[in-house]
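Report on the structure given below.
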Amino acid sequence: MGINTMNYSTLTISGTSQDIATACNPVMPTTAKGAVIVVEGGDTRVREDGTAPTSTEGVLVEFGDSMVYDSWTVPKANWRSVLKNLKVINAGAAVGELKIHWYD
């Protein structure tokens with residue numbers, strides 16, 4: 001994976017589980033191998049195993065937190081399969097939103 005930004009997407013988190021790769025706008029680029037995802041607006045729950053999280057089950061990622069899938073910290077990593085399996089759901093009263101930078 002390089003350090004070239006490929007695209008930028010947003011995703012408003014709902015009370016229904018969403019696949020980050022296809023629910024964001026625009027969708028994950030076809031050759032993206034990494035991402036930096038920032039949670040804004042409200043807390044969210046995340047699962048990387050392809051299972052739908054619930055508002056109480058999954059890893060809690062709070063407002064202002066980042067999720068980083070890159071090869072800077074894990075050399076030669078290709079996070080594409082993890083990113084395709086990544087599912088999110090709103091975890092609180094405030095509506096969450098993800099800001100995503102995709103990398104090759």
Is there a donor-acceptor pair under 3.5 Å between the side chain of [X] and the backbone N or O of [Y]?
X: Asp70; Y: Gly34; result: no
X: Asp65; Y: Glu62; result: yes
X: Ser14; Y: Thr16; result: yes

Of all heavy-atom pairs between [X] and [Y], which one has the smallest distance, and what is that distance?
X: Asn90; Y: Gly92; value: ND2-O, 2.8 Å
X: Met67; Y: Val61; value: SD-CG2, 4.0 Å
X: Ala91; Y: Arg45; value: CB-CG, 3.5 Å
X: Thr51; Y: Arg47; value: O-CB, 3.3 Å
X: Thr54; Y: Ile89; value: O-CG2, 3.3 Å
X: Arg80; Y: Pro29; value: NH1-O, 3.1 Å

Connected via hydrophobic side-chain network under 4.5 Å: Val46 and Val82:
yes

Atom CG of Asn7 and atom SG of Cys24: how far apart are they, to the nearest 0.5 Å?
8.5 Å

I need the Asn25 CG to Thr22 OG1 distance, nearest 0.5 Å.
11.5 Å

Could you give the side-chain donor-acceptor pairs of residues 94-102 under 3.5 Å, partners two or more places apart or in another chain?
unit_1: Glu97; atom_1: OE1; unit_2: Lys99; atom_2: NZ; d: 3.0
unit_1: Glu97; atom_1: OE2; unit_2: Thr12; atom_2: OG1; d: 3.4
unit_1: Trp102; atom_1: NE1; unit_2: Ser9; atom_2: OG; d: 2.8

Glu40/Val38 under side-chain contact (heavy atoms from CB on, under 4.5 Å): CA gap, chis, key distance, verdict:
CA-CA 6 Å; Glu40 294 187 359; Val38 178; 4.3 Å; yes

With sequence neighbours excluded, give me every salt bridge (charged side-chain N to carboxylate O under 4.0 Å, His left out) pair touching residues 10-22.
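Sorted result for residues 10-22: Asp19-Lys87.
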
Close side-chain approach of [X] to [Y], heavy-atom, < 4.5 Å:
X: Ile37; Y: Leu86; answer: yes
X: Asn4; Y: Met6; answer: no
X: Lys33; Y: Asp104; answer: no

Leu60 vs Thr44, test: side-chain contact (heavy atoms from CB on, under 4.5 Å). Steps then yes/no.
CA-CA 6 Å; Leu60 179 64; Thr44 187; over 6 Å; no

The criterion is side-chain hydrogen bond (donor to acceptor under 3.5 Å, both in side chains); which residues satisfy it with Glu48, sequence neighbours excluded?
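Per chain and number, Glu48 pairs via side-chain hydrogen bond (donor to acceptor under 3.5 Å, both in side chains) with Tyr69.
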
